[in-house]
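Chain letters run A, B, ... following the sequence lines, proteins first, then strands; residues in each count from 1.
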Amino acid sequence: MGKYFSQYCSFVITKHWQLANLPQTFQIIDSDDQLSVLKQVIKSLELDDKVLTPRQAQHFINTRKDHGLRAKDLVAEEGDAWHNRMLHIYTAYEARCQQTGSVDFAELLLRCYELWRDNPSLLAYYQQRFQYILVDEFQDTNPLQYNWLQLLAGQSGQLFVVGDDDQSIYGFRNASAANLANFNQEFPQVQLIRLEQNYRSTGTILEVANTLIARNDQRLGKNLWTQASAGEPIFLYTAYSEMDEARFVAEKVQAYSGQRQEMAILYRTTAQSRLFEEELLQRSIPYRIYGSLRFYERLEIKDMLAYLRLLHHRDDDGAFERIVNTPKRGIGEKTLETLRSIARQQEISLWQAAQHAIETQQLKARASSTLTVFLDLIQQFDEQIKALSLHEKIKHLKTYTGLVAHYQKESKEEAQRRLENLDELINAARQFEQRRSNLPAATTEEANPPIVDILTEFLAHTALEAGEGQGNEWEDCVQLMTLHAAKGLEFEMVFLVGLEENLFPHQNSLDESKLEEERRLCYVGITRARRYLYLCHSETRYRYGNREFGTPSRFIREMPTELIQAVRLSNSIVSPLKSWMALAKGKLHRGERVKHKQFGEGVVLNYEGQGDYARVQIKFASGNKWLMMAYAQLEKLY
DNA sequence: ACTCGTAGGATTTTT
DNA sequence: TCCTACGAGT
């Protein structure tokens with residue numbers, strides 16, 4: 001998995017930082033940080049960030065890096081101004097990162113690759129250290145990782161890779177299943193072992209998966225089979241709304257008599273998790289959610305880490321920018337701009353620029369004094385926490401930075417969550433320290449090297465880990481996660497939700513090449529299930545502030561119908577309701593109270609359009625509890 | 001320097 | 001609906 005590549009490369013270049021041409025204090029930046037660096041770079045080049053968006057630049061750069069290409073390896077293309085300007089940005093970005101000692105995710109790999117490539121004796125050392133190499137999920141490697149492995153394996157290295165081209169779902173990160181095909185040709189004496197017998201799922205689930213994935217053109221080709229019986233049919237639920245979808249799933253979860261952690265709710269986008277969370281919470285069903293917002297990417301965590309970083313290393317400009325005015329201290333954009341320009345001119349860090357600006361009185365009195373307060377504050381903290389352990393440092397900063405009060409300004413509830421997260425960070429730090437000190441003192445020189453202090457290690461850890469070790473209480477919890485996070489896992493019962501056009505397949509992935517990856521994603525989802533598979537989609541969904549009518553995902557249509565059993569509320573309920581709405585359409589105005597003999601009182605929430613082309617949305621209540629929402633597109637009734 | 005209002009956009013998946 | 005960028009007012 002990609003994670004281990006990054007972790008190991010981080011380890012290697014930390015150890016050989018001089019050879020890798022990095023400052024010892026280099027810092028790993030995540031995609032958000034990378035984006036803000038690019039924003040600044042584009043601005044400093046005085047380019048139009050509407051035509052050359054930071055996002056495009058990020059994509060441009062990461063794609064090249066994942067192919068092992070630096071800016072100097074690329075050539076300007078005549079007539080392609082956009083490309084050439086991107087190249088310009090790439091060059092400036094590399095210089096900027098080098099100057100600030102920032103290393104993005106792709107850079108970790110690239111540095112390590114170049115380090116080995118350019119230092120044969122070092123490479124030889126690592127080659128003899130790893131005589132046998134096993135790579136799992138090989139279809140998720142990108143070209144750079146492939147070359148990295150080739151380098152490490154060398155001529156005599158024993159390399160064993162496992163992969164499934166039908167589960168290649170990281171194309172957006174430049175992973176390529178072609179690596180799997182190339183492997184056969186580029187390594188001498190490859191022995192290929194095909195695994196087509198499946199020991200996990202029922203025959204029905206496999207048949208559905210096989211039929212679906214057969215639609216893809218770009219395949220090495222295989223057909224899974226099993227000795228197991230056909231098992232249950234696949235169930236399909238058509239919900240009225242996303243709330244109804246969540247309700248349905250929660251009821252099934254509640255009714256299940258087996259272990260709860262054997263159930264998983266899988267969705268395409270993280271945003272979909274919220275409704276399921278709410279529904280499960282209401283019913284007091286324990287659940288565990290994987291990486292909703294990654295722990296270490298949360299604002300409060302990043303703020304706190306920025307304090308730690310700046311305290312550790314005054315020249316960390318990213319950290320400086322982040323906290324210089326968080327909480328608000330009256331240091332504004334203008335002051336900062338002055339500092340940035342001084343820093344750029346004299347090739348010094350923002351911290352040094354600040355000191356310099358104050359000494360040489362280049363700032364207005366007010367800016368100068370607020371800035372002095374900040375510099376002194378950091379120095380004070382430095383004194384105060386010097387002797388403390390890592391988690392005590394964070395605790396100290398939590399109380400004295402004023403971050404707490406700062407968060408409380410937005411909203412009480414938000415602040416509460418942020419505080420809890422900060423406590424969680426303290427916990428994580430404590431655990432990290434314990435694990436660190438529990439390591440056997442003298443194993444190999446690699447396992448436990450005193451190369452860097454614990455803080456640096458912890459910071460690298462926070463940059464590379466999602467922070468999933470938190471909250472160990474996941475026994476007996478329903479598992480909620482994105483389809484991407486589900487790869488490699490299996491469950492007795494799987495709910496595949498939000499199977500609607502423009503959501504899954506996602507609206508940004510509708511062209512043919514991307515569509516195949518979406519289909520593989522669906523294939524991954526299906527094959528997570530051992531026995532029970534529920535497919536869910538909703539007729540309507542709230543999007544951008546409107547309720548929109550959607551169509552079922554093409555992937556549902558691409559599965560064999562005879563294996564799918566619809567479990568939608570029976571037609572005996574649905575049709576009378578729809579015809580009633582059609583009859584009542586003249587009277588259905590927004591806000592109107594209505595009465596239905598079966599569903600009782602309701603209220604018309606929405607009425608769009610006119611006459612037969614109207615879309616109506618009614619909310620029915622039974623007693624004081626909302627029973628269901630009904631939607632109808634009246635034109636469909638005729 | 002900060003706060004508040006309005007307009008416009010919507011970019012999904014992860015190390 | 002919710003986020004962001006930008007401008008006016010304090």
Side-chain angles (χ1 to χ4, degrees), chain A residues 1-10 28-36 39 43 49-50 53-56 58-59 62 65-66 103-110 112 137 140-142 144-145 167-175 242 266-274 290-294 296-297 299 324-337 364 366-367 369-371 406 409-410 460-468 481-487 498 502-510 514-515 517-518 520-522 524-525 541-548:
Chain A
M1 271 183 77
K3 183 164 141 182
Y4 300 110
F5 279 103
S6 302
Q7 282 179 355
Y8 195 67
C9 290
S10 155
I28 302 165
I29 56 171
D30 66 20
S31 334
D32 284 351
D33 301 331
Q34 185 184 34
L35 206 59
S36 45
K39 222 177 258 176
K43 208 172 185 182
D49 65 359
K50 299 280 177 335
T53 66
R55 251 182 212 293
Q56 287 172 325
Q58 186 178 38
H59 181 250
N62 288 343
K65 283 197 183 184
D66 285 342
V103 175
D104 61 46
F105 288 133
E107 185 74 24
L108 285 171
L109 259 298
L110 190 50
C112 185
E137 308 280 13
D140 293 336
T141 52
N142 64 37
L144 178 59
Q145 289 167 331
Q167 294 192 51
S168 167
I169 54 174
Y170 285 103
F172 65 91
R173 203 165 79 179
N174 303 304
E242 67 276 26
L266 308 181
Y267 35 80
R268 174 68 240 262
T269 66
T270 44
Q272 287 166 260
S273 71
R274 228 192 58 224
Y290 282 77
S292 47
L293 286 177
R294 285 184 160 47
Y296 292 116
E297 280 172 16
L299 176 117
V324 66
N325 203 28
T326 314
K328 300 258 178 322
R329 331 186 143 83
I331 301 169
E333 199 44 45
K334 220 162 160 222
T335 313
L336 263 174
E337 205 37 71
K364 295 244 171 71
R366 175 131 148 243
S369 76
T370 49
L371 205 49
H406 174 68
K409 272 189 204 149
E410 21 177 350
H461 168 82
T462 59
L464 295 173
E465 284 283 330
E468 232 119 61
M481 66 193 86
T482 63
L483 285 151
H484 283 87
K487 190 155 65 68
N502 297 325
L503 184 59
F504 190 28
H506 195 269
Q507 55 184 347
N508 303 339
S509 304
L510 294 178
K514 284 183 164 178
L515 193 64
E517 181 152 314
E518 294 285 305
R520 290 193 290 268
L521 202 50
C522 189
V524 166
R541 191 169 287 271
Y542 208 53
R543 271 186 132 193
Y544 305 142
N546 295 309
R547 183 151 291 284
E548 288 176 7

Ignoring the backbone of [X], work out which of [options] is nearest its side chain.
X: A:Thr269; options: B:dT13, B:dA1, B:dT3; answer: B:dT13
X: A:Lys328; options: B:dA1, C:dA5, B:dT3; answer: B:dT3
X: A:Phe105; options: B:dT12, B:dT15, B:dT13; answer: B:dT15
X: A:Ser6; options: B:dT13, B:dA1, B:dT15; answer: B:dT15
X: A:Arg55; options: B:dT13, B:dT3, B:dT11; answer: B:dT11
X: A:Arg268; options: B:dT11, B:dA1, B:dT12; answer: B:dT12

Exercise for the section: In sequence, state the C-alpha distance, the side-chain angles, and the governing distance for A:Thr141 and A:Tyr170, and then conclude on side chain to side chain contact (heavy atoms under 4.5 Å, CB included). Expected result: CA-CA 9 Å; A:Thr141 52; A:Tyr170 285 103; over 6 Å; no
Practice task
Pick out which of A:Lys487, A:Arg173, A:Arg520 makes a salt bridge (charged side-chain N to carboxylate O under 4.0 Å, His left out) with A:Asp140.
Solution key: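 Exactly one pass, corresponding to A:Lys487.
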Practice task
Tell me what A:Tyr542 touches on the nucleic acid: a base, only sugar-phosphate, or nothing, going by heavy atoms under 4.0 Å.
Solution key: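 Sugar-phosphate contact only - A:Tyr542 comes under 4.0 Å of backbone atoms but never of a base.
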Exercise for the section: Check every strand shown and say whether A:Glu517 touches a base, only sugar-phosphate, or nothing at a heavy-atom separation below 4.0 Å. Expected result: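 Since no nucleic acid heavy atom lies under 4.0 Å of A:Glu517, the category is nothing.
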Can you find a side chain N or O atom of [X] that sits less than 4.0 Å from OP1 or OP2 on [N]?
X: A:Asn325; N: B:dC2; value: yes
X: A:Gln507; N: B:dT11; value: yes
X: A:Tyr296; N: B:dT14; value: no
X: A:Ser31; N: B:dT14; value: no
X: A:Thr482; N: B:dT14; value: yes

With a 4.5 Å cut-off on side-chain heavy atoms, are [Y] and [X] touching?
X: A:Thr482; Y: A:Tyr267; result: yes
X: A:Leu266; Y: A:Met481; result: yes
X: A:Ser31; Y: A:Gln58; result: yes
X: A:Arg268; Y: A:Glu518; result: yes

[X] [atom1] to [N] [atom2], straight-line distance once rounded to whole Å:
X: A:Glu333; N: B:dT3; atom1: CD; atom2: P; answer: 15 Å
X: A:Leu108; N: B:dT14; atom1: CG; atom2: C1'; answer: 14 Å
X: A:Leu503; N: B:dT13; atom1: CG; atom2: P; answer: 11 Å
X: A:Gln7; N: B:dT14; atom1: CD; atom2: P; answer: 17 Å
X: A:Asp66; N: B:dT14; atom1: CG; atom2: P; answer: 16 Å
X: A:Arg366; N: B:dA1; atom1: CZ; atom2: P; answer: 7 Å
X: A:Gln34; N: B:dT15; atom1: CD; atom2: P; answer: 15 Å
X: A:Leu510; N: B:dT13; atom1: CG; atom2: P; answer: 16 Å

Exercise for the section: Would you tell me whether A:Gln34 and A:Asn62 have side-chain atoms, one donor and one acceptor, within less than 3.5 Å of each other? Expected result: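 Judged by distance alone, the side chains do pair up.
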Handout entry: Closest-nucleotide 5' rank along DNA chain B - winner of A:Arg329 and A:Ala463
Key =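 Closest to the 5' end, via its nearest nucleotide, is A:Arg329.
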Handout entry: Residue met sooner reading DNA chain B from 5', once A:Gly330 and A:Ile169 are mapped to nucleotides
Key =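 The residue closer to the strand's 5' end, by nearest nucleotide, is A:Gly330.
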Exercise for the section: Could you check whether A:Phe172 and the base of B:dT13 form a stacked pair, meaning centres closer than 5.5 Å and planes differing by less than 30°? Expected result: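 It does: the ring sits over the base of B:dT13.
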Exercise for the section: Output yes if the stacking criterion (under 5.5 Å between centres, under 30° between planes) is met for A:His506 over the base of B:dT12, else no. Expected result: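 A:His506 vs B:dT12: stacking yes.
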Practice task
State whether the distance check finds a donor on one side and an acceptor on the other, under 3.5 Å, for side chain A:Arg173 versus base B:dT15.
Solution key: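 Under the 3.5 Å cut-off, the side chain and the base do not form any donor-acceptor pair.
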Exercise for the section: Can you tell me, in whole Å, how much space there is between the P of B:dT13 and that of C:dT4? Expected result: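 These two P atoms come out 16 Å apart once rounded.
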